[in-house]
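Notes for the one structure printed next.
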Amino acid sequence: MKPMIIAVDGPAGSGKSSVCRGTAHSLGWRYLDTGAMYRAMTWAVLEAGIDPSNANEVANFCTQPKILSGFDPQMPTIVVDGIDVSKAIRLEKVTSAVSAVSAISDVRTLLVLMQRQEAQQALSDGTGIVVEGRDITTVVLPDAEVKIFLTARPEIRALRRAKEEAGSASATVKDIQATREALQRRDHLDSTRKASPLTQSKEAFEIDTSDMTLDEVIAEVVVRAEAAQ
Ligand code: DC
């Protein structure tokens, strides 16, 4: 298939990561998780002892950390100043601070530039790339050949996230309820912030993943990519 960019947006728990990784793997393409880049920046802010809600300090600091994304959809990695933070960026302290950091426009300007460079680099290297986030179809790569917006019902999203967070243990009803409330708070922050809020591009094809298997969603995205040849 001709190398191209597949841009995917959607809220937390809509299935973005699994779908994007699966699609990139099945096409033999690169995968870029832009949420991981905002998380990595948040990790660096916390490590530096900066208050994530102090926009001026974060803005002054944000050019310092060197953030490097790995593109392997089977083993996505992210490194900050030589430290592999792939696991650390999923910790609760990062999750609860990431909305504040990702709302700061200097942070977004910097990371958006990096994301566009990664996408262009993939095409220059003769390969396609699947990029996931909140503003990929609207701001970062609005000219992507394929634009997808993933959704799922709130209870399904909470169940998926709670299961992910519980790891090998099973998620309790209390876990699911707490996750649902945390997701609602984060959705609200992500979609009401001034800088590039999560919005659905009119041009993006919406897939409600609530009642679909992962393979069905991946197949749907691949069909869209084939149609864009
Ligand atoms: O997809 P995720 O939950 O790992 O994303 C972490 C946070 O980063 C999320 O709260 C919103 C923000 N984000 C963003 O503002 N823009 C993106 N392109 C990707 C993520």
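Every number for a ligand or one of its atoms is a count from 1 in the order of the listing. All values reported here derive from a predicted model rather than from experimental measurement.
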Does any part of the side chain of T151, heavy atoms only, come nearer than 4.5 Å to the side chain of I207, both counted from C-beta? no

Regarding D125 and R30, does a basic nitrogen lie under 4.0 Å from an acidic carboxylate oxygen? yes

Could you list each N/O atom of ligand 1 together with any protein N/O atom closer than 3.5 Å, one pair per line with the distance?
residue: ligand 1; atom: 1 (O); partner: R134; partner atom: NH1; Å: 2.9
residue: ligand 1; atom: 3 (O); partner: R39; partner atom: NH2; Å: 3.3
residue: ligand 1; atom: 3 (O); partner: R134; partner atom: NH2; Å: 3.3
residue: ligand 1; atom: 3 (O); partner: R186; partner atom: NH1; Å: 3.1
residue: ligand 1; atom: 4 (O); partner: R39; partner atom: NE; Å: 2.7
residue: ligand 1; atom: 10 (O); partner: R186; partner atom: NH1; Å: 2.8
residue: ligand 1; atom: 10 (O); partner: D190; partner atom: OD1; Å: 3.4
residue: ligand 1; atom: 10 (O); partner: D190; partner atom: OD2; Å: 3.0
residue: ligand 1; atom: 15 (O); partner: R108; partner atom: NH1; Å: 2.8
residue: ligand 1; atom: 15 (O); partner: R108; partner atom: NH2; Å: 3.4
residue: ligand 1; atom: 15 (O); partner: R193; partner atom: NH1; Å: 2.8
residue: ligand 1; atom: 15 (O); partner: R193; partner atom: NH2; Å: 2.9
residue: ligand 1; atom: 16 (N); partner: R108; partner atom: NH2; Å: 3.0
residue: ligand 1; atom: 18 (N); partner: T34; partner atom: OG1; Å: 3.0
residue: ligand 1; atom: 18 (N); partner: R134; partner atom: N; Å: 3.2
residue: ligand 1; atom: 18 (N); partner: D135; partner atom: OD1; Å: 2.9

So does D135 get a backbone contact from the side chain of D9, meaning a donor-acceptor N/O pair under 3.5 Å? yes

Looking only at the side chains, is there a donor atom on one of R160 and T209 sitting less than 3.5 Å from an acceptor on the other? yes

Would you say E145 and I6 make side-chain contact, with heavy atoms under 4.5 Å? no

Give a yes or no on whether a salt bridge exists between R90 and D33, defined as a side-chain N under 4.0 angstrom from a carboxylate O. yes

